[in-house]
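First comes the structure, then the notes that go with it.
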Number of protein chains: 2
Amino acid sequence: MDHKTLQSYIQPVIELAEEELALLMSCAIKRPLKKGEQLLKQGEVCSTFYLVESGYLRTYYDREGVAINMNFTFEGDFTSNLRSYRSRLPSELIIEAGEDTIAWIFNLRQLSQQYDTYPNVTRFVRRLAISQLLAAQEHSDLFKLYTPTERYRHIEKNNPHLLQRVSLSQLASYLGVTRETLSRIRAKNN
Amino acid sequence: MDHKTLQSYIQPVIELAEEELALLMSCAIKRPLKKGEQLLKQGEVCSTFYLVESGYLRTYYDREGVAINMNFTFEGDFTSNLRSYRSRLPSELIIEAGEDTIAWIFNLRQLSQQYDTYPNVTRFVRRLAISQLLAAQEHSDLFKLYTPTERYRHIEKNNPHLLQRVSLSQLASYLGVTRETLSRIRAKNN
DNA sequence: TTTCGATTGTGATTTTGATCACAGGTCGCT
DNA sequence: AGCGACCTGTGATCAAAATCACAATCGAAA
């Protein structure tokens, strides 16, 4: 990934100088993943955030062998486990490749040592965190406010790309229903 | 509220100097509320955060006249609507007094003008935001992971004070069930 | 203490989604 | 082309919670 590409991903979050981009890149490692390979394992303490260059990442809980999907991260988007990073407690979440994926791993602790010198990098990381949390909250509000069918329609309207990229079975737990129910919701739709 | 009391509320978030506390206080207004009075109305843009001195605040959506509770904020705790603050879009959430309450209103936009001079105040606000969002997320994860009964037990274990302070009817929508169902869950418990 | 209003408990019924079971379909691999 | 693994669709049944209806209880104010 060149600086220009990185910059295009960071642009929506904050404007960074060349020097700041260079710092970010110096704390990053490119990581190609086969479908199903795990970037963050259950029980690991998270000290990084991830940028997806191609493919997508799936963030999920493993409830007695059953995956419950919490998030999907696509090209140009960032993800992490902030709870684990912040508390330094082992992650309950797993982050893995939903298909063959190229991800970039940014070392947050390493980055944070430079915070005093590069305040814009601090701002960038902070905004990233807040955006992520606000987005997660927005999604989980759906569970209190809407029925399964309404949740599906909401995704259809606001995140239609999800339906293209993720299999029905994967989407089901993200919407908090079984795959059978989601199949029936979709059938009624047409 | 004197500086000492304020400091004791802020302490868990960050250590602040006397000068920084003074700045915070200068951006704050004391606001006594009768039960049911609204601090943040639906449709208002949120530009403040709130500290509860006594009583409690209830944050909820109004779904066609039915309240769906998202959060309860008790003595010594802070709350806000970060989504509205950040996006400058009208708030869908309502924040109101759950009983007679004394709240402090902190003007965030006013405060943020001093961010360059008082970096610790910036850090304080940032941490407050992240804590709030992480807590909100933790609560909403319950909806994907657990059944209504398990959610109730989780609250019983991790937030027992909620059961003392909030009526069954109020708690029901917070747990995503009807009051009848919550009453039955509780009946089985004993 | 009595009364009114709000809150909670509880039964009967209905609705929704989960579970179980299995039949196609699709895709990659050999 | 044929096999096998995985994914999707669909019916039948079951379980859980919503809804509806009303009784019991509690609490504040007269």
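Values below: every heavy atom of this structure, side chains too, minus hydrogens, waters and symmetry copies. The chains referred to below are lettered A, B, ... by the order of the sequence lines, with proteins before strands, and numbering in each begins at 1.
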Near-ring test A:Tyr174/A:Phe72, centroid separation under 6.0 angstrom: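 So the answer is yes for these two rings.
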
Quick one: what's the B/S/- string for nucleotides 12-18 of chain C, heavy-atom cutoff under 4.0 Å, read 5' to 3'? B----SS

Does a donor on one side chain and an acceptor on the other come within less than 3.5 Å for [X] and [Y]?
| X | Y | answer |
| --- | --- | --- |
| A:Ser91 | A:Ser84 | no |
| B:Thr79 | B:Asp77 | no |
| B:Asn71 | B:Thr73 | yes |
| B:Ser8 | B:Thr5 | no |

Which nucleotide in the set D:dC20, C:dG9, C:dA21 lies at the smallest distance from any side-chain heavy atom of A:Glu180? C:dA21

Quick one: [X] [atom1] to [N] [atom2], roughly how many Å, whole number?
| X | N | atom1 | atom2 | result |
| --- | --- | --- | --- | --- |
| B:Asp100 | D:dA28 | CG | P | 12 Å |
| B:Lys35 | D:dA29 | NZ | P | 11 Å |
| A:Tyr152 | D:dT8 | OH | C1' | 13 Å |
| A:Lys34 | C:dG28 | NZ | P | 14 Å |
| A:Arg179 | D:dT10 | CZ | P | 13 Å |

Estimate the overall bend of the helix from C:dT1-D:dA30 to C:dT30-D:dA1 from the end axes over five pairs each, rounded to 10 degrees.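 Helix axis angle between the two ends: 40°.
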
Validation row: B:Pro32, B:Thr101 side chains within 4.5 angstrom (heavy atoms): no

Considering only heavy atoms from C-beta outward, does the side chain of A:Lys144 approach that of B:His139 to under 4.5 Å? yes

Strictly by salt bridge (Lys or Arg N to Asp or Glu O under 4.0 Å), give each pair with a member in residues 80-95 of chain B just once, sequence neighbours left out. A:Glu138-B:Arg83, A:Asp141-B:Arg83

Does anything in residues 94-121 of chain B pair up under salt bridge (Lys or Arg N to Asp or Glu O under 4.0 Å), and if so which pairs, sequence neighbours excluded?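 Only B:Lys34-B:Asp100, B:Arg58-B:Glu96, B:Glu99-B:Arg165 qualify under salt bridge (Lys or Arg N to Asp or Glu O under 4.0 Å).
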
Selection: residues 158-171 of chain A, any non-hydrogen atom under 4.0 Å of DNA chain C: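 Residues of residues 158-171 of chain A that come under 4.0 Å of DNA chain C do not exist, since none gets that close.
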
With rounding to the nearest 0.5 angstrom, report the CG to CD1 distance, B:Asn81 to B:Ile94.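 Here the interatomic distance stands at 11.0 Å.
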
Which pairs with one or both residues in residues 114-134 of chain B pass ring pair (Phe, Tyr, Trp, His ring centres under 6.0 Å), sequence neighbours excluded? B:Phe78-B:Phe124

